[in-house]
**Q** 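I'd like to ask some things about the structure below.
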There are 2 protein chains.
Amino acid sequence: MIAVMSGTDDSGDTAKWVVDVFDKNCPSRHTHELVSGKWGSLALVALREGTYRFNALRRRVDGVSEKMLSQTLQGLERDGMVVREAQNTIPPHVEYSLTPLGRRVADRQFAIIELLEGEYDEIVAARERYDAK
Amino acid sequence: MIAVMSGTDDSGDTAKWVVDVFDKNCPSRHTHELVSGKWGSLALVALREGTYRFNALRRRVDGVSEKMLSQTLQGLERDGMVVREAQNTIPPHVEYSLTPLGRRVADRQFAIIELLEGEYDEIVAARERYDAK
DNA sequence: GGGTTGTACTAACTCTGAGAAAGTACTATC
DNA sequence: GATAGTACTTTCTCAGAGTTAGTACAACCC
């Protein structure tokens, strides 16, 4: 899949360029790795359930370290997938939620999880067949 | 999302257990990381285009090392996502293709890539807004 | 009133696993 | 005869994932 973009390139000229995750130099690769990655995908799907505070999300996404959660949330915010709303209080109170775009990505990530969980017996069977050899 | 499975647990008894990617100890986590990961997702989506030989796939999935490609293909084969067909010749000739289940996962991965590539201008805009702060 | 727990992080350190490079055992082409 | 290509595996190295500790308070318990 290849998409064409218009904008400004290094030379400062208006140009068309191609968005293609299969190209290792395409900046969309970075976003793809973020939203598909281990923690990014789980964070997005969790946020489909509603607004989460930092530590609540950390408990929901079992196994994330604080470092990785804050790192991926910053990335997701930067790429317009989540919104961060902080009340300037002590103790801090920060809420994370999905943007419309984040919701669309999260829905598609959920479809994958739903499929994997639903067909998990088939996966286990395949694995047993493979290991038997 | 939570799915219920029946099978044999550690004690040897038939038991019901819950498949839940959000649980760090659930074995489905492993499959999810494999098919959603950087190389797993791209390999699956590439194989939607048809059968690929090892090195052709390596050229298609720009940036994978041979080690990582062979590692993820083995994982995908083990989990019943791809089939590996090797002709016992020298030089070797090996073909990789999707199983029906692999195809379903790949279609969903493709939906994500399609969305990201299509909305990439929005992502770039969000990133510029974030960095301006 | 003192101790513990909780909040949302960041900074420093450790250690796993991703990536690079080289080896294999041949064949086909120049 | 040399070079390129096939599908890998093995070894080595370094970036990035994960762990731990620290922050600056508030709210709860005894």
**Q** Nearest whole angstrom, please: distance from the P of D:dG5 to the CD of B:Glu66.
**A** 12 Å
**Q** The criterion is side-chain contact (heavy atoms from CB on, under 4.5 Å); which residues satisfy it with A:Ala86, sequence neighbours excluded?
**A** A:Arg84, A:Val94
**Q** Scan nucleotides 10-12 of chain D against the protein and return all N/O pairs shorter than 3.5 Å with their distances rounded to 0.1 Å.
**A**
none

**Q** List in chain and number order the residues that pass side-chain contact (heavy atoms from CB on, under 4.5 Å) with B:Gln87, two or more places apart in sequence or in another chain; answer none if no residue qualifies.
**A** B:Thr89, B:His93
**Q** Please report, rounded to the nearest Å, how far the P atom of D:dT19 is from the NZ atom of B:Lys24.
**A** 8 Å
**Q** When the distance from CZ of B:Arg59 to C1' of D:dC8 is rounded to whole Å, what number comes out?
**A** 15 Å
**Q** Which nucleotide sits closest to the side chain of A:Ser70: C:dT10, D:dA7, D:dT9?
**A** C:dT10
**Q** Provide the closest heavy-atom pair for B:Ala106 versus B:Leu44 in the form atom of the first, atom of the second, distance.
**A** CB-O, 3.5 Å
**Q** What is the separation between atom CZ on A:Arg53 and atom P on C:dT7, rounded to the nearest whole Å?
**A** 6 Å
**Q** Mind listing the side-chain donor-acceptor pairs of residues 63-70 of chain A below 3.5 Å, one per line with the distance, residues two or more places apart or on another chain?
**A**
unit_1	atom_1	unit_2	atom_2	d
A:Ser65	OG	A:Met68	N	3.1

**Q** Choose from C:dG19, C:dA8, D:dA7 the nucleotide whose nearest atom is closest to any side-chain atom of A:Phe54.
**A** C:dA8
**Q** With side chains defined as the heavy atoms from C-beta onward, is the minimum distance between A:Arg29 and B:Asp62 less than 4.5 Å?
**A** yes
**Q** Tell me the interatomic distance from A:Gln71, atom CD, to C:dA8, atom P, rounded to whole angstroms.
**A** 18 Å
**Q** Round to a whole Å and report the spacing from CD of B:Gln74 to P of C:dA18.
**A** 14 Å
**Q** Could you note down all residue pairs passing salt bridge (Lys or Arg N to Asp or Glu O under 4.0 Å) where residues 87-103 of chain B supplies at least one of them, sequence neighbours left out?
**A** B:Arg103-B:Asp107
**Q** Could you please name the option among C:dT10, C:dA8, C:dG19 that lies closest to any side-chain atom of B:Lys38?
**A** C:dG19
**Q** Given the ring of A:Tyr52, does A:Arg60 sit roughly above its face, with NZ or CZ under 6.0 Å from the centre of the six-membered ring and within 45° of the axis?
**A** no
**Q** Does anything in residues 85-98 of chain A come within less than 4.0 Å of DNA chain D? Heavy atoms only, and list the residues if so.
**A** A:Ile90, A:Pro91
**Q** Quick check: do B:Phe54 and B:Leu73 have side-chain heavy atoms less than 4.5 Å from each other?
**A** yes
**Q** Within this structure, what is the CH2-to-P distance between B:Trp39 and C:dG17, rounded to whole angstrom?
**A** 18 Å
**Q** Name the nucleic acid region contacted by B:Arg58, choosing base, sugar-phosphate or nothing; use a 4.0 angstrom heavy-atom cut-off, strictly under.
**A** nothing
**Q** State plainly whether one hydrophobic cluster holds both B:Val124 and A:Met81, where clusters connect Ile, Leu, Val, Met, Phe, Trp and Tyr through side-chain heavy atoms under 4.5 angstrom apart.
**A** yes
**Q** Figure out the CG/P separation between B:Leu57 and D:dT6, and round it to whole Å.
**A** 13 Å
